[in-house]
Visitor: 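Before I ask anything, here is the structure I am working with.
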Amino acid sequence: MMMLWRSSVTPSMWKHPGGEEVLREQAGGDATENFEDVGHSTDARALSETFIIGELHPDDRAKLQKPSETLITTVQSQSSSWSNWVIPAIAAIIVAMMYRSYMSD
Ligand code: HEM
């Protein structure tokens with residue numbers, strides 16, 4: 001079980017190669033599954049061991065919130081950036097067509 005605490009991993013101490021935001025999303029929860037999903041190197045694994053600040057009491061483990069799936073969030077943000085690009089493109093095509101019909105009159 002991997003725990004990430006707001007105080008244990010701070011940008012001033014260390015910069016996560018996978019970005020700051022993904023770690024922030026995991027803070028206060030069990031990040032084990034997401035850590036494994038990414039397929040971290042053995043170096044990353046060894047480094048994560050150095051961040052251990054204690055072990056959670058078994059009675060408290062059930063109270064942990066599971067962080068939302070990071071990979072799903074990534075897919076969602078990709079699809080929204082896709083629609084951000086398509087809508088202005090369609091608008092540009094409509095404007096171009098209106099301009100053409102205006103000029104041909
Ligand atoms: C203390 C815990 C963690 C440590 C020490 C750590 C360390 C690292 C390191 C050293 C890398 C560079 C690539 C490698 O060596 O594998 C990396 C990449 C990455 N990590 Fe972590 N990581 C931690 C937690 C997490 C968590 C919880 C997530 C996801 C929620 C995550 C997501 C990523 C991603 C997306 C990359 C980029 C992969 C790529 O670009 O190929 N990391 N991390």
Side-chain angles (χ1 to χ4, degrees):
M1 170 181 277
M2 175 189 288
M3 295 281 301
L4 291 178
W5 295 103
R6 280 172 228 283
S7 55
S8 65
V9 185
T10 59
S12 58
M13 284 162 59
W14 171 68
K15 225 168 174 357
H16 178 232
E20 204 181 298
E21 191 54 36
V22 288
L23 292 190
R24 245 183 245 286
E25 285 170 7
Q26 312 294 317
D30 181 2
T32 314
E33 214 175 289
N34 287 336
F35 181 83
E36 297 296 341
D37 283 352
V38 170
H40 282 90
S41 65
T42 41
D43 279 359
R45 214 165 277 278
L47 186 63
S48 75
E49 307 269 308
T50 68
F51 289 130
I52 293 173
I53 54 165
E55 208 172 311
L56 195 67
H57 192 279
D59 290 352
D60 292 331
R61 290 183 187 175
K63 295 177 197 160
L64 266 185
Q65 277 188 327
K66 241 177 166 257
S68 56
E69 288 281 338
T70 316
L71 296 176
I72 291 172
T73 319
T74 312
V75 170
Q76 279 172 347
S77 67
Q78 273 171 357
S79 71
S80 74
S81 71
W82 179 82
S83 60
N84 287 350
W85 172 84
V86 165
I87 291 165
I90 291 171
I93 291 167
I94 292 169
V95 169
M97 283 166 71
M98 283 169 72
Y99 180 73
R100 272 176 65 134
S101 71
Y102 172 79
M103 291 303 277
S104 65
D105 282 344

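When a ligand or atom number is given, it counts from 1 through the structure's own listing order. FYI, side chains are in, hydrogens and waters are out, and symmetry mates aren't considered; it's all heavy atoms of this structure. It should be emphasised that the depicted structure is a prediction, and the values quoted were computed from it without experimental measurement.
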Visitor: Hey, is L23 one of the residues with a heavy atom under 4.0 angstrom from ligand 1?
Guide: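 The answer is yes, since L23 has a heavy atom less than 4.0 Å from ligand 1.
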
Visitor: Just give me the atom name: the N, O or S atom of H16 closest to atom 21 (Fe) of ligand 1.
Guide: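 The H16 atom nearest to atom 21 (Fe) of ligand 1, restricting to N, O or S, is NE2.
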
Visitor: Can you sort out which atoms of ligand 1 are near Q26, meaning under 4.0 Å from one of its heavy atoms?
Guide: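 So the atoms of ligand 1 that pass are 27 (C), 30 (C).
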
Visitor: Any side-chain heavy atom of F35 sitting closer than 4.5 Å to one from Q26?
Guide: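 A side-chain contact under 4.5 Å is absent here.
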
Visitor: For M97, which fellow cluster members are found when Ile, Leu, Val, Met, Phe, Trp and Tyr are connected by side-chain heavy-atom distances below 4.5 angstrom, either directly or through intermediates?
Guide: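 Noted: M97 shares its cluster with I93.
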
Visitor: Any idea how H40 and H16 line up, ring-wise: parallel (<30°), tilted (30 to 60°), or perpendicular (>60°)?
Guide: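 Answer is tilted, since the angle falls between 30° and 60°.
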
Visitor: Would you say E20 and E25 make side-chain contact, with heavy atoms under 4.5 Å?
Guide: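 No. Closest side-chain heavy atoms not under 4.5 Å.
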
Visitor: Report yes if S41 has an N/O atom closer than 3.5 Å to an N/O atom of ligand 1; otherwise report no.
Guide: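 Yes: some nitrogen or oxygen of S41 is under 3.5 Å from one in ligand 1.
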
Visitor: Below 4.0 Å, non-hydrogen atoms only: which portion of E25 touches ligand 1? Side chain, backbone, both or neither.
Guide: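 E25 to ligand 1: no contact under 4.0 Å from either part.
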
Visitor: Could you walk me through whether D43 and S41 pass the side-chain hydrogen bond (donor to acceptor under 3.5 Å, both in side chains) check?
Guide: CA-CA 5 Å; D43 279 359; S41 65; 5.2 Å; no

Visitor: Could you tell me if the side chain of I87 sits less than 4.5 Å from the side chain of I90, heavy atoms only?
Guide: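 In short, these two side chains do not touch, never coming nearer than 4.5 Å.
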
Visitor: Looking only at distances, can you tell me whether any N or O atom of H40, backbone or side chain, sits closer than 3.5 Å to an N or O atom of ligand 1?
Guide: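 Yes, since at least one N or O of H40 sits under 3.5 Å from an N or O of ligand 1.
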
Visitor: At less than 4.0 angstrom from any non-hydrogen atom of A31, what atoms of ligand 1 do you find?
Guide: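 Counting from 1, the qualifying ligand atoms are 27 (C).
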
